[in-house]
Enquirer: 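Questions regarding the structure given below will be posed in turn.
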Amino acid sequence: MQPITAVRGFKDILPEETGKWQFIERQVREVFAAFGFREIRIPILEKTDLFKRGIGETTDIVEKEMYTFLDRGEEYLTLRPEATASVIRAYLEHSLYAADPVARLYTIGPMFRRERPQKGRFRQFHQIDVELLGLDDPRTDAEVMLMLIHFLKCVGLSEPALEINTLGCFDCRPAFRKAITGFLKGKEDQLCDDCRRRIHTNPLRVFDCKNERCAEVIHEAPRLIEYICDNCRDHFEQVQSSLNLFNLSFVINPLMVRGLDYYTKTAFEVTTQSLGAQNAIAGGGRYDGLVRDLGGPDIPGIGFAVGFERLVALLPADAASFHQNPELFIAALGPDAQKYAFPLCNRLRMKGIYTEMDYLGKSLKSQMKRADKLRCRHALIVGDRELSMGRLELRNMETGAQETIDLEGIEKIIEAYIKAR
RNA sequence: GUGGGUGUAGCUCAGUUGGUUAGAGUGCCGGGUUGUGGCCCCGGAGGUCGAGGGUUCAAUUCCCUUCACUCACCCCA
């Protein structure tokens, strides 16, 4: 009989790891709240058309990575491969723009892409997703990046490297697209198979190709910055000067393009060296046409996503610092002591004191070993002897100091003792 | 989708040039005298050597197939 295992590329996040996840989530809520962002929770299943229209039919994500199925023969549904399209869908469905012209939203949750798993890449993975809708001021581009970098520093990343670029808008991108398509057609024989196909589907993506020969060709190619309209150029310059206000270091990477079609103007990415090939820990950009493309009013937006697993991987290895140790272990010897310990243990827990005890009737030595292994700060020793004398032994597990305390009013004594530290 | 690497105890890994009861460290359980953890010492439990097939007197070891994991391409968070 085959044991049932998790689905390929889908991971369990074990208790040893969840402390880190909770730590990151706390930082998210704290930092984002100060920038005015509020949480939105959205379904992980959407109608397939949402992603086709939102992300772009010719993107890799939509072409070959989505988990799509026909629901009871009625309609095609897809496990979301990213969050932005869903957030915009909810934003439009509930007319959030009508209540407030500016929406600052974030959401945390699983995304699904059917890629070959490898280091830092899973089929179910989690993103922290941020969307700012209703403003096209270049200061908001800088603000969002500032918040991202600040957040990354708050979770302990020392030097997050920020790269930015501008992708142009609907006015100037067609001209560039025409230029690059013409250029690439002339060099078709020097390009890899994928890039030859991209000439017709999505020529901007050739910039991203890692193939050496393609990179050589692209080196000679016309640059977007040369075709960009005055409006976009001005916007990009203001983004940069706003970033400089915060001494936020960044590098302009004219070759950076994004894998989703909806991006316009500003695009950015945060990378790190220590994640292997999957070096992007966050990415995002402006998408001034997306809301309209999804059937809403002409509302601009900017956002980013952080790869949760990748962030966790960058945290310090000692998960212990994120794990809470018990304050007290009650070592009970014999049936009478057990009868006394069980309610005491749980009453202390209800007071918020993390308390452990033994349920296996083990020897004192064994129980002390367990108290040590669990890294309990104190051990309360309860035996018949103590109960008959009305006095219990309280041992400090770190110093080894042990004192006798009154059984009378024990809860208050322990509470005071523990809080005193 | 395409390549490479790896599958032996819960975990990290040795090992078998084909030969009887397959090892270590760690973790787990117990003990080192009567009721006290960490260090040390002793003992115990735990493995169909990923699965299926082939060669052979004999396969965990050699061959084939398959599956899983993993890294890289690709893509991206």
Side-chain angles (χ1 to χ4, degrees), chain A residues 1-3 5-9 11 14 16 55 59-66 81-84 108-130 148 152 192-195 197-198 202 205 208-212 214 256-260 267-272 275-285 303-314 329 331-334 337 358 360 362-386 393-402:
Chain A
M1 205 165 48
Q2 294 285 335
T5 59
V7 175
R8 181 172 170 79
K11 301 290 176 199
L14 300 175
E16 205 169 273
I55 301 172
T59 57
D60 286 302
I61 292 174
V62 172
E63 271 184 348
K64 50 194 183 193
E65 294 175 1
M66 295 203 305
E82 58 107 44
T84 301
I108 303 175
M111 309 295 157
F112 305 84
R113 293 182 200 173
R114 203 181 180 296
E115 302 174 89
R116 191 82 167 253
Q118 69 183 71
K119 191 179 176 71
R121 190 172 78 184
F122 314 101
R123 289 181 170 186
Q124 182 187 118
F125 61 101
H126 296 73
Q127 287 188 338
I128 300 159
D129 184 81
V130 169
L148 169 59
L152 293 174
C192 68
D193 294 347
D194 281 335
C195 286
R197 191 173 46 84
R198 285 173 180 139
N202 199 344
R205 291 214 58 77
D208 233 9
C209 189
K210 307 260 189 327
N211 182 299
E212 272 184 41
C214 296
M256 179 178 62
V257 293
R258 311 249 73 229
L260 296 82
F268 57 95
E269 222 171 71
V270 177
T271 55
T272 168
L275 281 176
Q278 310 302 319
N279 63 352
I281 98 158
F304 65 80
V306 181
F308 212 123
E309 282 83 355
R310 292 181 186 179
L311 197 49
V312 169
L314 292 171
F329 189 95
L333 296 161
D358 164 73
L360 298 169
K362 296 209 181 195
S363 67
L364 179 58
K365 177 175 180 167
S366 215
Q367 294 192 49
M368 291 303 284
K369 275 193 175 177
R370 180 159 174 80
D372 186 57
K373 200 191 85 177
L374 294 172
R375 306 174 72 108
C376 300
R377 292 158 99 176
H378 303 87
L380 184 70
I381 296 156
V382 189
D384 293 342
R385 205 152 78 202
E386 284 76 12
E393 298 289 317
L394 183 62
R395 183 180 181 85
N396 183 318
M397 295 297 283
E398 282 152 34
T399 64
Q402 187 165 318

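Just so we're on the same page: letters track the sequence lines, and every chain starts at 1.
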Enquirer: Between U34(B) and U16(B), how far apart are the C1' atoms? Round to whole Å, please.
Expert: 49 Å
Enquirer: Taking a pair as Watson-Crick or G-U wobble with both distances under 3.5 Å, which nucleotide is matched to U12(B)?
Expert: A24(B)
Enquirer: So for E393(A) and U36(B), does any side-chain atom that can act as donor or acceptor lie under 3.5 Å from a complementary atom in the base?
Expert: no
Enquirer: Quick one: CE on M397(A) to OG1 on T399(A), what's the gap to the nearest 0.5 Å?
Expert: 10.0 Å
Enquirer: Tell me: CG of L364(A) to P of G30(B), nearest whole Å?
Expert: 13 Å
Enquirer: Classify I281(A) by what it touches in the nucleic acid, base, sugar-phosphate, or nothing, heavy-atom distance under 4.0 Å.
Expert: sugar-phosphate
Enquirer: For the pair made of CG in L152(A) and P in A77(B), what is the distance, rounded to whole Å?
Expert: 15 Å
Enquirer: Step by step, work out the side-chain contact (heavy atoms from CB on, under 4.5 Å) result for L148(A) and F268(A).
Expert: CA-CA 11 Å; L148(A) 169 59; F268(A) 57 95; 3.8 Å; yes
Enquirer: I'd like to know if the side chain of Q367(A) reaches the main chain of K362(A), judged simply by a donor and an acceptor atom lying under 3.5 Å from each other, with no hydrogens or angles considered.
Expert: yes
Enquirer: Kindly indicate whether the side chain of R121(A) and the base of C71(B) share any N or O donor-acceptor pair separated by less than 3.5 Å?
Expert: no
Enquirer: Once you round it to whole Å, what is the distance between P of G38(B) and CG of N396(A)?
Expert: 16 Å
Enquirer: Nearest to the side chain of E386(A) - G35(B), G30(B), A77(B)?
Expert: G35(B)
Enquirer: When the P atoms of G46(B) and U6(B) are considered, how many whole Å apart are they?
Expert: 31 Å
Enquirer: Taking the nucleotide of RNA chain B with the nearest heavy atom to each, does I61(A) or D384(A) sit closer to the 5' end?
Expert: D384(A)
Enquirer: Measure the CD1-CG distance between I128(A) and L311(A) for me, rounded to the nearest 0.5 Å.
Expert: 5.5 Å
Enquirer: To the nearest 0.5 angstrom, please state how far the CD1 atom of I108(A) sits from the CD atom of Q127(A).
Expert: 11.5 Å
Enquirer: Between A77(B) and F308(A), is there a base-stacking contact, meaning the centre of the base's six-membered ring lies under 5.5 Å from the residue's ring centre while the planes stay under 30° apart?
Expert: no
Enquirer: So, taking the atom named CG in N279(A) and the one named CD in E269(A), what distance separates them when rounded to the nearest 0.5 Å?
Expert: 7.0 Å
Enquirer: Would you mind classifying the nucleic acid contact of G284(A) as base, sugar-phosphate or nothing, using non-hydrogen atoms under 4.0 angstrom?
Expert: nothing
Enquirer: Checking all strands, does K365(A) fall into the base, sugar-phosphate, or nothing category for heavy-atom contacts under 4.0 angstrom?
Expert: base
Enquirer: Please work out if A282(A) contacts a base, only the sugar-phosphate, or nothing of the nucleic acid, heavy-atom cut-off 4.0 Å.
Expert: sugar-phosphate
Enquirer: Can you figure out which of C73(B), A77(B), G31(B) approaches the side chain of R116(A) most closely?
Expert: C73(B)
Enquirer: What integer number of Å spans the P atoms of U17(B) and G23(B)?
Expert: 15 Å
Enquirer: What is the nucleic acid contact for R370(A), judged by heavy atoms within less than 4.0 Å: base, sugar-phosphate only, or nothing?
Expert: nothing
Enquirer: Side chain of R395(A), base of G37(B): donor and acceptor closer than 3.5 Å?
Expert: yes
Enquirer: If we take the P atom in both C39(B) and G52(B), what is their distance in whole Å?
Expert: 42 Å
Enquirer: What is the distance, rounded to the nearest whole Å, between atom CG of D372(A) and atom P of U36(B)?
Expert: 15 Å
Enquirer: I'd like to know if Q367(A) reaches the base of G35(B) with its side chain such that a donor and an acceptor end up less than 3.5 angstrom apart.
Expert: no
Enquirer: Supply the atom-to-atom distance K64(A) NZ to R113(A) CZ, rounded to the nearest 0.5 angstrom.
Expert: 13.0 Å
Enquirer: Can you tell me the Watson-Crick or wobble partner of A45(B), both distances under 3.5 angstrom?
Expert: none
Enquirer: Within the structure shown, what part of the strands sits under 4.0 Å from S366(A) by heavy-atom distance: base, sugar-phosphate, or nothing?
Expert: sugar-phosphate
Enquirer: Can a donor-acceptor pair under 3.5 Å be found between the side-chain atoms of Q118(A) and the base atoms of C74(B)?
Expert: yes
Enquirer: Between C71(B) and G54(B), how far apart are the P atoms? Round to whole Å, please.
Expert: 35 Å
Enquirer: In whole Å, what is the span from the NZ atom of K11(A) to the P atom of A68(B)?
Expert: 12 Å
Enquirer: How close or far is atom C1' of U70(B) from atom CZ of R123(A), stated in whole angstroms?
Expert: 14 Å
Enquirer: Answer with base, sugar-phosphate or nothing: what part of the nucleic acid does E65(A) contact at a heavy-atom distance below 4.0 Å?
Expert: sugar-phosphate
Enquirer: Quantified in whole Å, what is the P atom distance between nucleotide G7(B) and nucleotide U12(B)?
Expert: 12 Å
Enquirer: Using the closest heavy atom to pick a nucleotide of RNA chain B for each, name whichever of R8(A) or K64(A) lands nearer the 5' end.
Expert: R8(A)
Enquirer: Please measure how far the C1' atom in C67(B) lies from the corresponding atom in C28(B), and state the result in whole Å.
Expert: 30 Å
Enquirer: Using Watson-Crick or G-U wobble geometry with both distances below 3.5 Å, tell me the partner of G1(B), or none.
Expert: C73(B)
Enquirer: Return the pairing partner of C40(B) with a 3.5 Å limit on both distances, Watson-Crick or G-U wobble; otherwise return none.
Expert: G32(B)
Enquirer: Please report, rounded to the nearest Å, how far the P atom of A77(B) is from the CD atom of E115(A).
Expert: 10 Å
Enquirer: What is the distance, to the nearest angstrom, from the NZ atom on K369(A) to the C1' atom on G27(B)?
Expert: 13 Å
Enquirer: Could you measure the distance from the CZ atom of R310(A) to the CZ atom of R121(A)? Nearest 0.5 Å is fine.
Expert: 8.5 Å
Enquirer: Say we look at G32(B) and U70(B): how far apart would their P atoms be, to the nearest angstrom?
Expert: 44 Å
